[in-house]
Every structure is written in structure tokens, then in C-alpha cells.
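From a predicted model like this one, the values you see are computed outputs, not experimental measurements.
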Amino acid sequence: SALDELWEIPQEDAVCLAAADIACPWVDARRSGFNFRNAAPYMAVWQPIPDYRDHGLSGDEAYFNSGVLVLNLQAWREQQLGEQMLECLRIHRQHVWCWDQYALNCVLADRWKRLPGRWNVGTHLWEYPTVKHSPVESVEFQAMLDNPAIVHFTTEWKPWDYATQHPRRELFYRYLDRSAWSGWRPARPEFSARRIWNSLAVEVCKRATIGWRRLSVRLVPGGNAS
């Protein structure tokens, strides 16, 4: 199975195996030098660790998503990594974005090994219009689209919600129908003007953000496409 393949990936000296977060795959996308101008308007954030310099990071490091992790539990316990991460959050709490990922990426900055992106295909993948806008290598981006090993239903758009148009929604129900919940589907909700308004507001805000970033990205130092 796919998980058997994941289990067999050599961990070597890494405490953790993880895939870059497709929503924000760099500690500082501006410093990564990778296709910033094209990808930046569609990223979740440009700096998921805003105070990365305080952690001794340069900014061009990859930033991983915590949804799929292969951990060396012996090293985790011996090095008391959990305690280190809680302390990191206590000290830097005013800068934290995505609590667990902040701590994991700060404490394990030089102790993790990168998995191919297909092992953690987040919903944000489909926010990038084409491979030309990819924030990661085009081959990896295409493999995530065409041959995902693990689909991670991130963000608020869940396949089990009525009328959510996730590109892999049918895959979710295919596996659901192999479980004790076979045949279950979400019921149509009652009409709600507030829900419709909220959906429209989210879409308007997203489009406005993309538009503003397209204008501003050329003024950002390091904003040249690679």
C-alpha cells in the first residue's frame, strides 16, 4: 500500500519526515528565490514564521506542514522535543501563526527531512491557477495533482460539507463507502442568507487579496521570479 511505501523511506538522522506546506512552502518566500513573483499572490502567507531570525533561520529554508509526519519517537523522547516546543510557544507566542507548525518548524529546523509533496496534498494546491504559478518545483507540483499518495483536506472547505467543490471530493466518498459509514452523504441545509453572504464575502476577500498582491509583489525586495 501507499503507507507501506512511506514507512520504507529512509529516515537517516532526521527526527521527522514531512512535506513542504503547499500553502506556504518557505520560511520567507521572498528570500527563497523560487518563482516568488508568480506564486506569491496565491500563497496563504509569505512568512509563516514572522520572527524567523530570532530562531537563527535565514528565511530560505523550506517550511513543512504537520498533517503528515513520520517521527523518530525515541529521539523525540530522549531530546524532550515536546517540552522544547511548548517552551518555544511560550516565549514567542506573540508571533505564532499555526501553533503546532510554528513550534515544529522552529525546533526541528535542521532536524527534518523533506518528503515529496504527494505525501501531503493540501487543499491549497488548487489555489494556484497553473503549474507556472507553483511555489515548488514543477515536477513535484504536477505529481501532487496527478498522483497524490495522501490527500489532506485542509482549510474550511471539507468534502463532507454539502456542496463543497473539492477536486478530490469523490475520492473521499469512495473510501468512506468502504467503511461502516458507507452510503452516508451530507443533507442539504436549510436556506440561509447569512451562509450565502459569508461565502460571497470570503470569495471577494480572496480575490481582493490576490489582486493587491499582484500589484505589490513587484515592489517587494527579492520579488524577482527565478
Side-chain angles (χ1 to χ4, degrees), residues 2 17-50 52 59-69 97-98 101-102 104-105 112 114-159 161 163-172 198-226:
L17 304 182
D21 192 326
I22 194 62
C24 44
W26 307 100
V27 169
D28 186 341
R30 298 171 302 181
R31 297 185 61 85
S32 74
F34 188 87
N35 200 26
F36 177 75
R37 181 170 292 172
N38 290 327
Y42 306 98
M43 291 183 185
V45 293
W46 294 348
Q47 287 182 315
I49 305 176
Y52 63 83
D60 59 0
E61 299 90 350
Y63 173 89
F64 65 85
N65 183 277
S66 62
V68 177
L69 303 176
W97 180 80
C98 287
Q101 288 186 184
Y102 180 95
L104 284 160
N105 277 275
W112 69 284
R114 186 166 177 170
L115 291 171
R118 61 184 292 267
W119 288 106
N120 188 351
V121 180
T123 303
H124 204 91
L125 174 73
W126 290 276
E127 296 290 337
Y128 302 98
T130 69
V131 68
K132 184 183 75 172
H133 302 89
S134 170
V136 297
E137 293 288 349
S138 59
V139 173
E140 180 176 21
F141 187 87
Q142 199 65 51
M144 295 174 73
L145 286 171
D146 298 339
N147 188 29
I150 297 177
V151 177
H152 183 185
F153 294 107
T154 55
T155 75
E156 69 273 26
W157 310 115
K158 305 302 185 185
D161 291 333
T164 295
Q165 298 302 312
H166 190 288
R168 292 285 177 171
R169 187 171 189 262
E170 292 308 312
L171 182 65
F172 171 80
N198 287 343
S199 297
L200 289 173
V202 168
E203 188 64 24
V204 168
C205 288
K206 183 171 72 173
R207 291 182 181 277
T209 299
I210 291 172
W212 171 249
R213 286 179 171 181
R214 283 174 177 162
L215 292 173
S216 62
V217 70
R218 297 178 182 276
L219 303 177
V220 176
N224 294 324
S226 62

Quiz prompt | Test of ring centre spacing under 6.0 Å for F64 and W112 | solution = yes

Quiz item: For G59, does its backbone N or O pair with a side-chain atom of E61 as donor and acceptor, under 3.5 Å?
Solution: yes

Quiz item: Short question: side chain of Q47, backbone of V45 - any donor-acceptor pair under 3.5 Å?
Solution: no

Exercise. Report yes if some heavy atom in the side chain of I49 is under 4.5 Å from a heavy atom in the side chain of N105; otherwise report no.
Key: yes

Practice problem: Please round to the nearest 0.5 Å and tell me the distance separating atom CZ of R169 and atom CH2 of W157. | Solution: 13.0 Å

Self-check item: Result of checking V121, I150, L17 against V68 for side chain to side chain contact (heavy atoms under 4.5 Å, CB included)
Solution: I150

Self-check item: Parallel, tilted or perpendicular, as decided by the 30° and 60° cut-offs, for the rings of H133 and Y42
Solution: perpendicular

Self-check item: Heavy-atom closest pair, residues A19 and G117
Solution: CB-CA, 4.2 Å

Quiz prompt | Residue pairs, two or more places apart or on separate chains, that pass salt bridge (Lys or Arg N to Asp or Glu O under 4.0 Å) and touch residues 128-156 | solution = R114-E140

Quiz item: Is there a donor-acceptor pair under 3.5 Å between the side chain of W119 and the backbone N or O of L69?
Solution: no

Quiz prompt | Gap between atom CG of D21 and atom SG of C98 - 0.5 Å precision | solution = 7.5 Å

Self-check item: Distance, nearest 0.5 Å, that separates NE2 of H152 from OG of S66
Solution: 7.0 Å

Quiz item: Hey, does the side chain of S32 reach the backbone of F34 with a donor-acceptor pair shorter than 3.5 angstrom?
Solution: yes

Quiz prompt | CZ on F153 to CG on D161, rounded to 0.5 Å | solution = 11.5 Å

Quiz item: Ignoring hydrogens and geometry, is there a side-chain-to-backbone donor-acceptor pair from H166 to R168 under 3.5 Å?
Solution: yes

Self-check item: Sidechain-backbone polar pair: R118 side chain, N147 backbone, donor-acceptor under 3.5 Å
Solution: yes

Quiz prompt | Y128 side chain vs I22 backbone, donor-acceptor pair below 3.5 Å | solution = yes

Practice problem: State yes or no: are the ring centers of W46 and F36 separated by less than 6.0 Å? | Solution: yes

Quiz item: Between the side chain of T154 and the main-chain N/O of T123, is any donor-acceptor distance below 3.5 Å?
Solution: yes

Exercise. Check whether any side-chain heavy atom of N120 sits under 4.5 Å from a side-chain heavy atom of N65, and report yes or no.
Key: yes

Exercise. For the residue pair Y63 and Q101, establish whether any side-chain heavy-atom pair is separated by less than 4.5 Å.
Key: yes

Quiz item: Considering only heavy atoms from C-beta outward, does the side chain of W26 approach that of D60 to under 4.5 Å?
Solution: no

Quiz prompt | For the student: nearest non-hydrogen atoms of S138 and V131, plus distance | solution = CB-CG2, 3.6 Å

Quiz prompt | Donor-acceptor contact present, side-chain T164 to main-chain K158, <3.5 Å | solution = yes

